[in-house]
2 protein chains.
Amino acid sequence: MECQLTIVRTEQKKEKPALDKLGFGVHFTDHMFTMDYTEGKGWHDPQIVPHAPLTLDPAAMVLHYGQAIFEGMKAYRNKAGKVLLFRPEQNFKRMNRSLERMSMPQVDGEFMVDALKQLVALEKEWIPAESGMSLYIRPFVIATEPCFGVRPSHTYKLIIVLSPVGAYYANGMEPVKIYVENKYVRAVRGGTGNAKVAGNYAGALKAQAEAKEKGYEQVLWLDGVENKYIEEVGSMNVFFKVGEEVWTPALNGSILEGITRDSTIHLLKDWGIPVVEKRISVEELYEAYTKGQLEEAFGTGTAAVISPVGDLNWNGHQMILNGEKTGPLTTKLYETMTGIQYGEKEDKFGWSVEVSE
Amino acid sequence: MECQLTIVRTEQKKEKPALDKLGFGVHFTDHMFTMDYTEGKGWHDPQIVPHAPLTLDPAAMVLHYGQAIFEGMKAYRNKAGKVLLFRPEQNFKRMNRSLERMSMPQVDGEFMVDALKQLVALEKEWIPAESGMSLYIRPFVIATEPCFGVRPSHTYKLIIVLSPVGAYYANGMEPVKIYVENKYVRAVRGGTGNAKVAGNYAGALKAQAEAKEKGYEQVLWLDGVENKYIEEVGSMNVFFKVGEEVWTPALNGSILEGITRDSTIHLLKDWGIPVVEKRISVEELYEAYTKGQLEEAFGTGTAAVISPVGDLNWNGHQMILNGEKTGPLTTKLYETMTGIQYGEKEDKFGWSVEVSE
Ligand SMILES: Cc1ncc(COP(=O)(O)O)c(C=O)c1O
Ligand SMILES: Cc1ncc(COP(=O)(O)O)c(C=O)c1O
């Protein structure tokens with residue numbers, strides 16, 4: 001790979017949006033990172049350039065066959081002005097797993113973390129330093145060859161765009177209402193569920209829309225084979241506090257290997273709380289609920305970090321968790337995780353990566 | 001919808017490629033059709049414009065979440081100069097089913113067939129009149145809104161591009177070798193298998209690549225639940241001649257409803273051949289093979305029309321069909337179907353739609 005990173009600075013910096021108008025992924029910073037791949041030549045021409053529209057052939061394979069993968073991570077800025085990334089090397093490792101599943105070329109993770117640090121340093125002013133706010137980082141790779149043959153593209157583009165994002169919980173943490181999906185399937189073993197590939201998300205929109213119509217914010221996905229075992233909640237991994245234990249679905253090939261999931265497991269174990277990674281049927285969960293053992297439930301993911309679940313509807317069986325209030329373990333996890341992310345709590349696992357000027 | 005179609009002709013016509021260098025979907029004609037959708041306004045600004053690159057925001061949803069669907073059809077030109085489409089209204093009906101599954105807005109099928117006819121008439125010179133050659137038509141719809149929220153886009157673009165394509169069988173029909181896939185899954189009930197959505201195709205590349213490494217041209221997909229029942233072959237529907245009957249997998253929600261499949265069933269029934277649409281396990285097929293009843297197998301799809309299968313490998317059990325030669329029923333179907341498509345055989349079902357100047 002050609003490792004020389006070129007930087008072309010914008011001549012016209014954009015005005016920054018008001019902090020109370022940030023939303024999620026609608027405003028973008030002044031620069032982006034791009035790198036091209038050509039078969040036979042490998043990845044080449046890494047550069048930081050002004051954020052600008054792409055020119056794509058209407059036959060570019062990404063638009064037809066969905067050969068596209070992405071990652072999602074954040075940069076945090078604390079009151080002391082320090083800028084931190086959270087386990088970025090894990091995102092590029094997962095990116096490589098996604099690329100492999102989609103027959104796309106691998107990237108050099110170390111080089112990517114380095115390039116990302118340079119990009120984030122350049123856009124430092126864009127990172128809101130308010131609590132809960134951050135700079136969302138979206139690396140993605142798309143197939144650019146204009147060809148209708150159903151085969152892997154011979155050319156790709158890797159891009160990183162940055163978007164300042166508001167606090168997920170504008171009015172404090174609010175538990176979400178979840179519908180256990182029994183008609184649509186997100187993923188099945190042998191499919192693409194454990195890769196962060198574009199098509200998984202479009203495929204999930206319909207279930208989400210139908211759940212919304214029924215008054216639920218998100219769906220709990222069940223496995224594609226038996227429609228029985230819990231997989232994920234929306235675009236998050238899911239955890240349940242059952243008595244003294246915490247349960248989470250074991251990674252089975254159709255569940256995304258969340259980095260927040262992994263970090264949550266580390267924290268819980270560190271606190272001496274037994275974490276059970278296993279196949280969890282909804283029946284089993286409901287049974288725990290009826291026995292009064294299901295104390296808390298929460299989703300984990302980069303966007304919300306930790307998202308409490310207040311209400312679960314499984315075929316009309318309603319499970320109200322912790323009186324629809326955020327439970328103590330969920331709160332402790334959220335505070336610890338975000339404390340580490342903002343560099344305000346001890347980072348005993350060495351997760352934070354500082355972005356220097 | 002705003003139905004006024006604007007036509008902007010190119011100022012510089014491209015040179016047409018040599019007929020023996022056409023390939024599949026690599027050369028494009030001078031013009032394309034485009035139409036935009038904006039929430040609240042609906043589809044608007046249908047136009048035929050010079051074929052040109054698209055400008056897309058790097059955050060356009062299609063690039064991240066795969067909210068994209070497509071269709072595939074052909075225009076045929078015969079020796080008498082007549083230009084024909086084959087059941088185009090069916091493609092736009094299926095397009096609407098795919099759009100619905102992806103939470104994307106419906107199109108007006110009649111308007112689309114009409115616009116397509118105008119586009120094809122304008123590009124008439126691009127349609128090779130040689131036997132087996134045609135003009136491949138690729139309508140597709142992509143989500144264009146720049147936003148990272150996981151929800152349906154509020155803006156879309158529908159595009160039709162045209163590509164002259166060579167004969168699928170340059171040296172006469174050659175039966176393909178097929179590997180029965182037992183690790184990867186294309187689709188599962190409750191998923192997106194019966195919609196023509198981008199992500200289905202990228203998800204299938206890996207299995208195809210591994211089959212190629214083993215010496216097979218394509219894979220036979222099994223169902224995602226039990227990994228036992230036959231679904232499709234590559235990007236085609238599949239048929240088996242077993243004794244006096246023809247079997248094909250019943251439409252079950254995870255199989256694409258092929259228009260060539262439907263046409264094949266009509267022709268076979270018209271010829272008095274019993275067509276059995278049912279759940280077919282590989283075991284059952286292998287049993288028929290060992291009893292000497294499995295006489296022919298073929299795939300059906302717009303690209304190849306009818307594609308003979310010569311060799312099926314199921315976990316090391318090899319099924320050699322009709323001595324790896326194209327069987328008589330397969331040949332008759334190919335000749336009849338293409339005869340109708342080129343307007344050279346009686347079109348008793350009224351499938352052909354003429355494109356007038
Ligand atoms: C489907 C899905 N599951 C889980 C997650 C959580 O992963 P992470 O914790 O790495 O953000 C994500 C990404 O946010 C996701 O898209
Ligand atoms: C997955 C898949 N199955 C089957 C088919 C065959 O459909 P049709 O006969 O309408 O071309 C296609 C499209 O060509 C396809 O993409």
Side-chain angles (χ1 to χ4, degrees), chain A residues 23-26 28 32 51-60 62-68 70 72 101-103 136 138 140 142-143 146-152 159 161 163 183-192 197-206 208-209 224-225 227 234-235, chain B residues 23-26 28 32 51-60 62-68 70 72 101-103 136 138 140 142-143 146-152 159 161 163 183-192 197-206 208-209 224-225 227 234-235:
Chain A
F24 183 78
V26 286
F28 301 95
M32 62 185 189
H51 183 96
L54 304 176
T55 300
L56 270 184
D57 195 285
V62 59
L63 305 178
H64 300 267
Y65 304 137
Q67 212 193 358
F70 68 98
R101 179 62 183 83
M102 289 290 109
S103 301
Y136 183 75
R138 171 56 61 88
F140 63 107
I142 54 173
C147 176
F148 289 153
V150 182
R151 55 147 178 88
I159 300 173
V161 293
S163 168
K183 185 165 93 186
Y184 297 108
V185 171
R186 190 192 86 94
V188 67
R189 52 109 185 73
T192 58
V197 310
N200 290 350
Y201 297 81
L205 294 174
K206 185 104 180 124
Q208 193 182 304
V225 175
N227 243 305
S235 298
Chain B
F24 183 78
V26 286
F28 300 94
M32 62 186 189
H51 183 97
L54 304 177
T55 302
L56 270 184
D57 195 285
V62 59
L63 305 177
H64 299 267
Y65 304 137
Q67 211 192 358
F70 68 97
R101 180 62 183 83
M102 289 291 107
S103 302
Y136 182 76
R138 170 58 60 89
F140 63 109
I142 54 174
C147 176
F148 290 154
V150 182
R151 56 149 177 85
I159 300 172
V161 292
S163 169
K183 186 165 91 185
Y184 297 108
V185 170
R186 189 191 87 93
V188 66
R189 52 111 185 72
T192 59
V197 310
N200 290 350
Y201 297 82
L205 294 174
K206 185 105 180 123
Q208 193 183 303
V225 176
N227 243 306
S235 299

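From a predicted model like this one, the values you see are computed outputs, not experimental measurements. We name chains A, B, ... by the order of the sequence lines, and we start the count at 1 in each one.
By number of non-hydrogen pairs under 4.5 angstrom with chain A, the leading residue of Met32(B), Arg138(B), Arg189(B), His51(B) is Arg138(B). Listed options Gly66(B), Gly234(B), Gly199(B) were ranked by heavy-atom pairs under 4.5 angstrom with chain A; first place goes to Gly66(B). Per-residue heavy-atom pair counts under 4.5 Å with chain A were compared for Val197(B), Asn200(B), Val150(B), Val62(B), and the maximum is reached by Val150(B). Among the candidates Gly190(B), Ala187(B), Ala204(B), Gly224(B), the residue making the largest number of heavy-atom pairs closer than 4.5 Å to chain A is Gly190(B). For the set Ile159(A), Thr55(A), Val26(A), the count of heavy-atom pairs under 4.5 angstrom toward chain B peaks at Thr55(A).
Residue Gln67(A) touches chain B through both its backbone and its side chain, counting heavy-atom pairs closer than 4.5 Å. Both the backbone and the side chain of Tyr184(A) have a heavy atom closer than 4.5 Å to some heavy atom of chain B. For a residue to count as touching a neighbouring chain, one of its non-hydrogen atoms must lie under 4.5 Å from one of that chain's; by this rule Lys183(A) touches chain B with the backbone only. Interface residue Ala52(B): only backbone heavy atoms are found under 4.5 Å from chain A. Only the side chain of Val188(A) comes within less than 4.5 Å of a heavy atom of chain B; its backbone N, CA, C and O stay farther away. Only the side chain of Ile142(A) comes within contact range of chain B, judged by heavy atoms closer than 4.5 Å.
Side-chain contact between Leu56(A) and Leu63(B): present, with at least one pair of heavy atoms (C-beta onward) separated by less than 4.5 Å. Under the 4.5 Å side-chain criterion, counting only non-hydrogen atoms from C-beta, Asp57(A) is not in contact with Leu54(B).
Interatomic distance, CZ of Arg186(A) versus OG1 of Thr192(B), reported as 12.0 Å (0.5 Å rounding).
Ring geometry for His64(B) against Phe140(A) counts as tilted: the plane angle lies between 30° and 60°, on a 0 to 90° scale.
Remark: Arg101(B) engages no residue in a salt bridge (Lys or Arg N to Asp or Glu O under 4.0 Å) (not counting sequence neighbours). Residues that satisfy the ring pair (Phe, Tyr, Trp, His ring centres under 6.0 Å) test with Phe24(A), not counting sequence neighbours, are Tyr136(A).
When all heavy atoms of Val161(B) and Pro58(A) are compared, the pair lying nearest together is CG1-CB, 4.0 Å.
Side-chain rings of Phe148(B) and Phe28(A) approach one another, their centers coming within less than 6.0 Å.
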